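Quick notes on the structure that follows.
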Amino acid sequence: MKRSGCLLLALVPVLVTAGAYLFVPADSGGVGAARSAASADRGSREEAKSAAEGSEDDEVIDGLPAGLAASAKKELAQQIVASAVNSTTDWRGTYGSIRDTGDGRGYTAGILGYCTGTHDLLELVEGYTEEYPGNGLAEYLPALREVDGTDSHEGLDPGFPEAWRTEAKSEDFRAAQEAERDRVYFDPAVRLAKLDGLGALGQLAYYDAMVLHGPGTEANGFYELRERALDKADTPADGGSEEEYLNAFLDVHRAAIEATRGGDDIGRVDTTLRRFLRDGNLGLSTPLRWEVDGETFTAS
């Protein structure tokens with residue numbers, strides 16, 4: 001799921017309130033790698049999560065190209081991730097999607113595959129209910145709290161799936177799904193990838209891995225996977241090759257899929273992200289062609 005380009009930038013000192021930063025060369029279509037004296041600290045899971053979710057590096061981020069945050073690239077990212085999550089590039093048609101895939105995570109629902117067993121669906125409904133107390137999902141909050149962390153449907157069947165589909169017709173709930181996607185997954189993934197010196201393809205790789213493995217620091221969570229990748233290769237922000245680092249990251253992304261999902265979803269690495277990387281498409285330039293589970297998708 002990713003992109004192309006190559007531009008050498010001269011080393012340029014940039015003063016910021018947190019300290020002195022340098023722009024270093026990047027292979028990713030003009031995305032300069034912002035780097036500080038404390039960049040090594042982002043190698044730890046907790047420091048990386050703090051950098052991804054915090055605001056300390058805002059001035060650095062503001063000085064970098066938009067990358068995947070640009071509207072056209074963000075739309076493309078949603079299409080690619082939707083092809084893996086919901087077998088379609090029409091991600092806006094999946095607000096009301098809900099099913100149990102048998103993966104041990106309970107119901108999988110909505111534009112990003114929020115799950116009743118992995119806490120993110122509960123967080124979504126809790127936040128939505130705070131803003132809209134009379135919504136059709138609020139009555140299921142006690143049951144959602146009970147099944148959180150399990151694959152159980154207790155207290156949810158038979159009415160919860162239909163309640164989800166009905167609520168998904170509401171523009172307010174659709175907006176809530178998108179806001180939660182950005183807050184928990186998209187924005188932190190893109191931010192950290194930029195700080196690591198990665199271009200659009202790398203930003204998408206982080207986003208895809210965070211969606212699938214969760215934004216946690218535990219074993220096989222996103223930040224633990226990144227930590228493993230750093231043991232194999234340096235990020236561009238630390239002087240490494242973007243291609244080598246992305247290959248290392250995709251290796252651990254794939255290994256985690258095999259370890260936690262029995263090999264399901266391998267296509268999102270082998271025939272999507274890795275395909276773009278082999279093509280040298282670090283900038284995620286269109287047109288694109290990729291495959292997931294034997295189905296071919298395109299974007300222009």
Side-chain angles (χ1 to χ4, degrees), residues 53 74-75 77-189 207-216 218 221-222 257 260-262 264-265 268 292-293 295 297:
E53 297 177 355
K74 183 174 181 178
E75 174 67 22
Q78 306 320 316
Q79 292 176 11
I80 294 170
V81 170
S83 72
V85 173
N86 284 311
S87 301
T88 181
T89 55
D90 179 20
W91 65 270
R92 290 183 179 83
T94 65
Y95 294 105
S97 170
I98 182 166
R99 65 200 183 282
D100 190 325
T101 66
D103 63 359
R105 303 182 183 196
Y107 280 120
T108 296
I111 58 172
L112 215 59
Y114 300 105
C115 296
T116 57
T118 61
H119 195 65
D120 58 351
L121 190 147
L122 172 60
E123 268 199 335
L124 168 63
V125 176
E126 284 181 332
Y128 180 59
T129 301
E130 284 182 13
E131 193 166 358
Y132 303 100
N135 75 79
L137 299 175
E139 65 180 284
Y140 292 98
L141 276 172
L144 288 171
R145 293 184 182 110
E146 285 297 317
V147 304
D148 190 28
T150 78
D151 62 356
S152 174
H153 294 184
E154 187 173 355
L156 299 177
D157 290 341
F160 182 70
E162 188 55 36
W164 180 279
R165 296 184 192 102
T166 299
E167 199 64 32
K169 296 174 184 177
S170 161
E171 290 298 327
D172 292 330
F173 189 48
R174 294 182 176 196
Q177 287 193 43
E178 293 185 34
E180 191 73 355
R181 173 199 66 197
D182 292 349
R183 181 184 73 84
V184 178
Y185 299 101
F186 185 81
D187 291 348
Y207 176 45
D208 181 72
M210 194 175 289
V211 167
L212 186 61
H213 303 295
E218 71 282 356
F222 169 79
I257 292 173
T260 63
R261 304 179 72 88
D264 291 344
D265 290 309
R268 65 201 299 158
V292 180
D293 296 332
E295 186 172 358
F297 299 92

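Here the structure is a predicted model, which is why all the values come from computation and not from measurement.
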Where do Arg92 and Glu75 land on the salt bridge (charged side-chain N to carboxylate O under 4.0 Å, His left out) test, with the steps shown first? CA-CA 10 Å; Arg92 290 183 179 83; Glu75 174 67 22; 3.0 Å; yes
From CA spacing to verdict: side-chain contact (heavy atoms from CB on, under 4.5 Å), Gln79, Phe297: CA-CA 9 Å; Gln79 292 176 11; Phe297 299 92; over 6 Å; no
Pair Lys74, Asp182 - check salt bridge (charged side-chain N to carboxylate O under 4.0 Å, His left out), show working. CA-CA 10 Å; Lys74 183 174 181 178; Asp182 292 349; 2.9 Å; yes
Might you work through the side-chain contact (heavy atoms from CB on, under 4.5 Å) test for Val292 and Ser87, ending with a clear yes or no? CA-CA 8 Å; Val292 180; Ser87 301; over 6 Å; no
Using the side-chain contact (heavy atoms from CB on, under 4.5 Å) rule, take Arg261 and Leu212 through it: C-alpha gap first, then chi angles, then the decisive distance, then the call. CA-CA 10 Å; Arg261 304 179 72 88; Leu212 186 61; 3.7 Å; yes
Working note: Leu141 + Leu122, criterion side-chain contact (heavy atoms from CB on, under 4.5 Å); need CA distance, chi angles, decisive distance, verdict. CA-CA 7 Å; Leu141 276 172; Leu122 172 60; 3.9 Å; yes
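At a cut-off of 3.5 Å, with distance as the only test, no side-chain donor of Thr88 or Asn86 sits close to an acceptor on the other residue. A donor-acceptor pair shorter than 3.5 Å can be found between the side chains of Arg99 and Ser97. Under 3.5 Å, the side chains of Thr129 and Asn135 contain a donor-acceptor pair of N or O atoms.
Residues Cys115 and Asp120 come closest through the heavy atom pair N-OD1, 2.9 Å. Contact detail for Pro158 and Pro161: the closest heavy-atom pair is O-CD, 3.7 Å. Contact record, Tyr114 with Arg181: OH-N, 3.1 Å, taken as the closest heavy-atom pair. Minimum interatomic distance between Pro215 and Val184 (heavy atoms only, all atoms of both residues): CG-CG1, 3.7 Å. Of all heavy-atom pairs spanning Gly136 and Ala163, the tightest one is O-CB, 3.8 Å.
The stretch residues 138-162 participates, sequence neighbours left out, in these salt bridge (Lys or Arg N to Asp or Glu O under 4.0 Å) pairs: Glu126-Arg145, Glu162-Arg165.
Aromatic ring orientation, Tyr140 versus Phe160: perpendicular (interplanar angle above 60°, classes split at 30° and 60°).
Counting heavy atoms from C-beta on, the side chains of Asp208 and Tyr185 never come closer than 4.5 Å. Between Leu144 and Leu156, the closest side-chain pair of non-hydrogen atoms falls below 4.5 Å.
Partners of Tyr207 according to the ring-ring contact (aromatic ring centres under 6.0 Å, His included) rule, which considers only residues two or more places apart in sequence or in another chain, are Phe186. Not counting sequence neighbours, Glu167 has no partner by the salt bridge (Lys or Arg N to Asp or Glu O under 4.0 Å) test.
The line from CG of Asp103 to CG of Asp265 is 8.5 Å long, rounded to the nearest 0.5 Å. Considering CD of Gln177 and OH of Tyr95, their distance stands at 7.5 Å, rounded to 0.5 Å.
Counting only distance, with no hydrogens or angles, the side chain of Arg105 and the backbone of Thr116 share no donor-acceptor pair below 3.5 Å. In this structure, the side chain of Asp100 does not engage the main chain of Thr108 through any donor-acceptor pair within 3.5 Å. Distance alone, capped at 3.5 Å, places no donor-acceptor pair between the Trp91 side chain and the Ser83 backbone.
Between Glu123 and Arg183 a salt bridge is recorded (basic side-chain N to carboxylate O distance below 4.0 Å).
When ring centroids are compared, Phe173 and Tyr128 come within the 6.0 Å threshold.
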